[in-house]
Amino acid sequence: MTAPLLRTAAELHARARTGRRAVVMTMGALHEGHATLIRTAREVAGPDGEVVVTVFVNPLQFGAGEDLDRYPRTLDADLELAGLSGADTVFAPSVDEVYPGGEPQVRVSAGPMGERLEGAARPGHFDGMLTVVAKLLHLTRPDVALYGQKDAQQLALIRRMARDLNFGVEIVGVPTVREEDGLALSSRNRYLSPGERRTALALSQALFAGRDRHAAQQALRARAQEIPATRARAEALSAIGESRAAADAHAVATTAGGPAAIRAAARLVLDEAARLDPPLTLDYLALVDPADFTEIGDDFTGEAVLAVAARVGTTRLIDNIPLTFGTFGAAS
């Protein structure tokens, strides 16, 4: 089943609408991660709604020397995957349709949040991304738009734009889809040679190491909190051989945990990958507050994102996982 292809906004606007319209924005080269987004959009739209997949390689979000010209373009395969995943139509406009008259003179600014991490590595990227997202939201007129959590900073900025600029659309994030070995699905994975792909696994392995360190910290702190600091209790624990374990839990919980330990666990994996052949070249590793993408402190509580970006060969990859911090920095 191949999804019908529309090339102009006029064609899209001419379609009858009877329910919710859910939009999934892509740059094409669709894979299982996109398919998951489309299937989720189908559930959100419901049987009476409509799912529109956009395919547009946006020149504004590629900097000098980036891979705009070689970015994979596989429209025929995209139409088939979109249809099989539940899309009602694919909107694949030309550059002239999206930017009539050339590059827009007025653009959306990502502000300070867009200058951090990915924004620092790719100046102007998020201004271009938000500009095309704003235009596509106007062109497609959805009730809800879905984006992958793999691009965590992008998702956070789109949410802020929709809220700060009063876009009447619901923004939904969909969890990252991974291959069996943990590598996050990306259209750029096809650039990797077999050796480069083995090295690239360090991104997800580093994130999982940080997550595991966080979980271990949670368990140790929970145990430490259960042990009152009284001599009678210590003697009772000693009698059953638990005093050393209690002391270890308390020591780790108070001196070796928190965000610094999580970053250190992840960084160890990345440092090892830097010595592989081919090597991994780290752009950044960060543990941030998704509200503004600033680094979190030891007293942080709430949702956080552990994010990494690196190059393997000529391919730049990003990945992240969410972590939740509660009282004393433990996961909730």
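Just so it is clear, the model here is predicted, and its values are computed rather than measured. The basis for the numbers below is simple: all heavy atoms, side chains too, and nothing from hydrogens, waters or symmetry mates.
- Nearest approach of G173 to L155, heavy atoms of both residues: CA-CD2, 3.8 Å.
- Cluster partners of F62, by chain and number: M27, V57, L68, Y71, Y191. The rule joins Ile, Leu, Val, Met, Phe, Trp and Tyr whenever side-chain heavy atoms lie under 4.5 Å apart.
- Using a distance-only test at 3.5 Å, with no hydrogens or angles considered, a donor-acceptor pair links the side chain of N189 to the main chain of A184.
- Under the rule for a side-chain contact (heavy atoms from CB on, under 4.5 Å), the partners of A29 that lie at least two apart in sequence or sit in another chain are P72, T74, S187, R190.
- Listed by chain and number, the residues in a side-chain hydrogen bond (donor to acceptor under 3.5 Å, both in side chains) with R73 amount to none (sequence neighbours excluded).
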Taking it one step at a time, do T324 and E303 satisfy side-chain hydrogen bond (donor to acceptor under 3.5 Å, both in side chains)?
CA-CA 5 Å; T324 304; E303 297 294 324; 3.0 Å; yes

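- For the pairing with D181, the side chain to side chain donor-acceptor pair (under 3.5 Å) check across Q205, R197, R198 returns one residue only, R197.
- No donor-acceptor distance shorter than 3.5 angstrom exists from the side chain of E32 to the backbone of V177, with no hydrogens or angles considered.
- For L139, the side-chain contact (heavy atoms from CB on, under 4.5 Å) test picks out A9, F91, L136, with sequence neighbours left out.
- Of the possible donor and acceptor atoms, none in the side chain of T301 sits under 3.5 Å from a partner among the backbone N and O of F325.
- Taking CD of E80 as the reference point, atom OG of S85 lies at 10.0 Å (rounded to 0.5 Å).
- Inter-residue side-chain proximity for L268 and E272 is flagged as met; some heavy-atom pair is nearer than 4.5 Å.
- H31 pairs by the ring pair (Phe, Tyr, Trp, His ring centres under 6.0 Å) definition with H34, not counting sequence neighbours.
- Counting only residues at least two apart or on different chains, the salt bridge (charged side-chain N to carboxylate O under 4.0 Å, His left out) pairs with a member in residues 128-153 are R17-D143.
- The distance from the CE atom of M1 to the CG atom of L79 is 11.5 Å, given to the nearest 0.5 Å.
- For the pair T89 (side chain) and V52 (backbone), a donor-acceptor distance under 3.5 Å is absent.
- Residue pairs meeting the salt bridge (charged side-chain N to carboxylate O under 4.0 Å, His left out) criterion with at least one partner in residues 97-117, sequence neighbours excluded, are E103-R107.
- A search for ring pair (Phe, Tyr, Trp, His ring centres under 6.0 Å) contacts involving Y99 returns nothing, not counting sequence neighbours.
- Among pairs with a residue in residues 119-129, those fulfilling salt bridge (charged side-chain N to carboxylate O under 4.0 Å, His left out) read E66-R122, at least two apart in sequence or across chains.
- Using a 4.5 Å heavy-atom threshold, the side chains of V169 and V23 count as separate.
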Step-by-step side-chain hydrogen bond (donor to acceptor under 3.5 Å, both in side chains) determination, D292 to T294:
CA-CA 6 Å; D292 57 11; T294 57; 2.7 Å; yes

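- With contacts defined as side-chain heavy-atom distances shorter than 4.5 Å, the pair E118/M129 does not qualify.
- For the pair L323/L287, a side-chain contact is recorded, criterion being any heavy-atom separation below 4.5 Å from C-beta on.
- Under the side-chain contact (heavy atoms from CB on, under 4.5 Å) criterion, L37 pairs with V24, L146, V174, sequence neighbours left out.
- You'll find the side chain of R70 reaches within 4.5 Å of the side chain of T314, heavy atoms only.
- Atom-to-atom distance recorded for L317:CG and L201:CG is 10.5 Å, nearest 0.5 angstrom.
- Residues satisfying the side-chain contact (heavy atoms from CB on, under 4.5 Å) test with R267, not counting sequence neighbours, are D271, L282, L285.
- Identified under the salt bridge (charged side-chain N to carboxylate O under 4.0 Å, His left out) test for residues 43-53, with sequence neighbours left out: R15-E50, R21-E50.
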